[in-house]
Amino acid sequence: MASPIQLPDAEALYSTLREKLLPLRQPHTQIAGITSGGAWLAQRLQRDWSLPAVGTISTTLHRDDFAHRGLSHAAQTTLPFEVDGAHILLIDDVLYTGRTIRAALNEIFDFGRPASVQLAVLVDRGGRQLPIEAAVAATRLHLPENQSLALRKNEDDTFSLALRPTSPA
């Protein structure tokens, strides 16, 4: 019998991510988080860094599995900044296949043409199906394909990580 996977502390990972992002944080950089975990991380950065606003990216309409998933999230994209010419720091909780990031990039380009987009993630779990790489990852964690990793936002606004079985496509 396989031993249970020991998950890292999500709050410690958030602190690591925040520190690793400091060199990327410029006065002209705009921050946007992917719904839902990435948006939670972006909102926490907004609070910790006293930023005026951060964006939220919904990938629902650009997913290549839309027919299977449907409208799983009701959140809409909100970008409180001009996308054209912007330097965007895109935040997500878990990077796996790269398909969510591809969908997020398509969504961003629906709003304009940014000067640059850099990706930062809490956890990079490998297993890429697309040529997408994070500029910053708080940690790398390898999991079996039949496991899905999710960031949870607790009632006290702290973060935790949870494993769940991957649903069949």
Side-chain angles (χ1 to χ4, degrees), residues 10 13-14 16-17 20-21 24-26 28-46 53-153 159 161-169:
L13 289 180
Y14 170 75
T16 299
L17 181 67
K20 286 184 169 186
L21 288 176
L24 300 180
R25 185 179 170 219
Q26 303 298 319
H28 60 276
T29 302
Q30 303 294 333
I31 296 177
I34 299 173
T35 301
S36 60
W40 297 335
L41 293 165
Q43 291 161 0
R44 175 82 76 84
L45 288 170
Q46 177 186 15
V54 297
T56 299
I57 305 287
S58 171
T59 61
T60 301
L61 297 178
H62 288 285
R63 294 214 36 118
D64 57 11
D65 58 356
F66 178 78
H68 172 70
R69 292 171 56 127
L71 290 169
S72 59
H73 296 295
Q76 301 232 340
T77 295
T78 57
L79 296 172
F81 52 83
E82 180 65 36
V83 171
D84 284 326
H87 295 276
I88 299 174
L89 181 56
L90 183 62
I91 310 288
D92 203 11
D93 53 354
V94 179
L95 175 58
Y96 183 33
T97 64
R99 294 183 181 284
T100 298
I101 304 307
R102 183 206 50 83
L105 291 170
N106 286 345
E107 181 73 3
I108 289 169
F109 275 83
D110 281 352
F111 285 81
R113 185 169 186 238
S116 67
V117 179
Q118 293 187 57
L119 175 62
V121 298
L122 195 66
V123 177
D124 180 346
R125 62 169 286 185
R128 222 75 76 236
Q129 296 173 353
L130 299 173
I132 292 175
E133 189 69 29
V136 173
T139 194
R140 295 188 191 322
L141 180 65
H142 294 283
L143 299 171
E145 286 184 25
N146 65 347
Q147 292 289 312
S148 178
L149 181 66
L151 183 67
R152 292 193 175 162
K153 185 176 175 186
F159 297 130
L161 291 170
L163 278 179
R164 62 178 185 253
T166 302
S167 52

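Sequence positions, counted from 1, serve as the residue numbers for this chain.
Within the 4.5 Å cutoff, side-chain heavy atoms of Val121 are placed close to those of Leu119.
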Stepwise, does the side-chain contact (heavy atoms from CB on, under 4.5 Å) test hold for Gln118 with Leu24?
-> CA-CA 9 Å; Gln118 293 187 57; Leu24 300 180; 3.3 Å; yes
CA sep, side-chain torsions, deciding dist, call: Leu13, Val123, side-chain contact (heavy atoms from CB on, under 4.5 Å) = CA-CA 8 Å; Leu13 289 180; Val123 177; 3.9 Å; yes
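Between the CG atom in Leu90 and the OG atom in Ser116 there is a gap of 11.5 Å [rounded to 0.5 Å]. Summarising the geometry, atom CD1 belonging to Ile31 is positioned 11.0 Å from atom CG belonging to Leu41; distances are rounded to the nearest 0.5 Å. To the nearest 0.5 Å, atoms OH (Tyr14) and CH2 (Trp40) are separated by 14.5 Å. Atoms CG and CG, on Leu122 and Asp92 in that order, are 9.5 Å from each other to the nearest 0.5 Å. Here OG1 of Thr35 is found 10.0 Å from CD of Gln76. Values are rounded to the nearest 0.5 Å. Within the model, atoms CG of Leu143 and CZ of Arg125 stand 4.5 Å from one another, a figure rounded to the nearest 0.5 Å.
Under the rule for a ring pair (Phe, Tyr, Trp, His ring centres under 6.0 Å), the partners of His28 that lie at least two apart in sequence or sit in another chain are His87. Looking at residues two or more places apart in sequence or on another chain, you find a side chain to side chain donor-acceptor pair (under 3.5 Å) between Glu107 and His62, Thr77. By the side chain to side chain donor-acceptor pair (under 3.5 Å) test, Gln129 pairs with Arg99, sequence neighbours left out. Residues satisfying the side chain to side chain donor-acceptor pair (under 3.5 Å) test with Arg44, not counting sequence neighbours, are Glu11. Legend: residues meeting side chain to side chain donor-acceptor pair (under 3.5 Å) with Arg25, ordered by chain and number and at least two apart, are absent. Thr16 pairs by the side-chain contact (heavy atoms from CB on, under 4.5 Å) definition with Lys20, Ala138, not counting sequence neighbours. With sequence neighbours excluded, the residues forming a side-chain contact (heavy atoms from CB on, under 4.5 Å) with Ala120 are Leu17, Leu21, Leu89, Ile91, Val136, listed by chain and number. Taking Ala10 as the reference, Leu151, Phe159, Leu161 meet the side-chain contact (heavy atoms from CB on, under 4.5 Å) condition, with sequence neighbours excluded.
Here the closest non-hydrogen pair linking Gly55 and Pro80 is CA-CD, 3.6 Å. Nearest heavy atom pair, residue Gly37 against residue Asp93, reads CA-OD2, 3.6 Å. The minimum heavy-atom distance linking Arg128 with Gly98 is given by the pair CD-N, 4.1 Å. Between Ala53 and Gln46 the shortest heavy-atom distance is CA-NE2, 3.4 Å. The nearest pair of heavy atoms linking Thr56 to Ala39 is CG2-CB, 4.0 Å.
Sorted by first and then second residue, the pairs that involve residues 130-153 and meet side-chain hydrogen bond (donor to acceptor under 3.5 Å, both in side chains), not counting sequence neighbours, are Asp124-Arg140. Sorted by first and then second residue, the salt bridge (Lys or Arg N to Asp or Glu O under 4.0 Å) pairs involving residues 77-86 (not counting sequence neighbours) form an empty list.
Checked against Ile101 for a side chain to side chain contact (heavy atoms under 4.5 Å, CB included), the options Thr59, Ile132, Val117, Ile57 give a single hit: Ile132.
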